[in-house]
Student: 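Next up is a structure, given as structure tokens.
In what follows, chains carry the letters A, B, and so on, assigned in the order in which the sequence lines appear, proteins first and then strands, with residues in each chain numbered from 1. Hydrogens, waters and symmetry mates play no part in the numbers below; they use all other heavy atoms, side chains included. Here the structure is a predicted model, which is why all the values come from computation and not from measurement.
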Amino acid sequence: NAGVMQNPRHLVRRRGQEARLRCSPMKGHSHVYWYRQLPEEGLKFMVYLQKENIIDESGMPKERFSAEFPKEGPSILRIQQVVRGDSAAYFCASSSGFSDTQYFGPGTRLTVL
Amino acid sequence: AQTVTQSQPEMSVQEAETVTLSCTYDTSESDYYLFWYKQPPSRQMILVIRQEAYKQQNATENRFSVNFQKAAKSFSLKISDSQLGDAAMYFCAYKESGGGADGLTFGKGTHLIIQP
């Protein structure tokens, strides 16, 4: 069983560009979570999605950030007009149910120049 | 809001010895889940152990065990017979069961160093 896949592993963007981060959950998992990890910090929850639905986006910044999990294909975290403060590691996790253990992908490290 | 506190930014232990990492949390809920995750230099988050709050028995996974004290809101991780491969950041995490907050709430982590 393949684990949670994320790509790209590293992404460099200039200020003002768009960043698109992709996450493919583990086989059989329909729940996806996105987290952000700033240097020297723990992970902070951003958004929880099920297929075609955003369930909880209480941790998402109100502007420039959006997420989707279409019926077909990976979940996408999109950051528009990136700023230096967006530089961080972004992790995706998946689970088979709400109360089930979340398994994490390897993360995408975003660097904004 | 729930908070998770790891009071030890860094711990060091001799190889083959036992070490205990501390975690406390604050919640008004009676049913929830607690986790320890390990983050080695590769940055991958790896599940170490999971505890359901309704279970009185402490969870164990091979050399890893927890001391879950629900009344004290304490959830410490004991690593026995420490190995070089255990060197990593360790994060304690909390999740509500049922409705409410959907994501995990993490502590700031403890950096575990294994001395050969």
Student: Could you tell me if the ring centre of B:Y33 sits under 6.0 Å from that of B:Y94?
Tutor: no
Student: Check the orientation of A:H31 and A:Y48. Use parallel for under 30°, tilted for 30 to 60°, and perpendicular for over 60°.
Tutor: parallel
Student: Heavy-atom distances under 4.5 Å only: say whether B:L104 touches chain A with side chain, backbone, both or neither.
Tutor: both
Student: Could you check which of B:M89, B:Q6, B:Q39 has the highest count of heavy-atom pairs closer than 4.5 Å to chain A?
Tutor: B:Q39
Student: Do B:C23 and B:T5 touch side chain to side chain, with heavy atoms closer than 4.5 Å?
Tutor: no
Student: Where on B:R43 is there a heavy atom nearer than 4.5 Å to chain A: the side chain, the backbone, both, or neither?
Tutor: both
Student: Please report whether the ring centroid of B:F35 lies less than 6.0 Å from that of B:F75.
Tutor: no
Student: Do A:Q81 and A:E18 have a side chain donor and acceptor closer than 3.5 Å?
Tutor: no
Student: If I measure from the heavy atoms of chain B, does A:A93 come under 4.5 Å with its side chain, its backbone, both, or neither?
Tutor: neither
Student: Could you look at A:T101 and say if it's the side chain, the backbone, both or neither that has a heavy atom under 4.5 Å from chain B?
Tutor: both
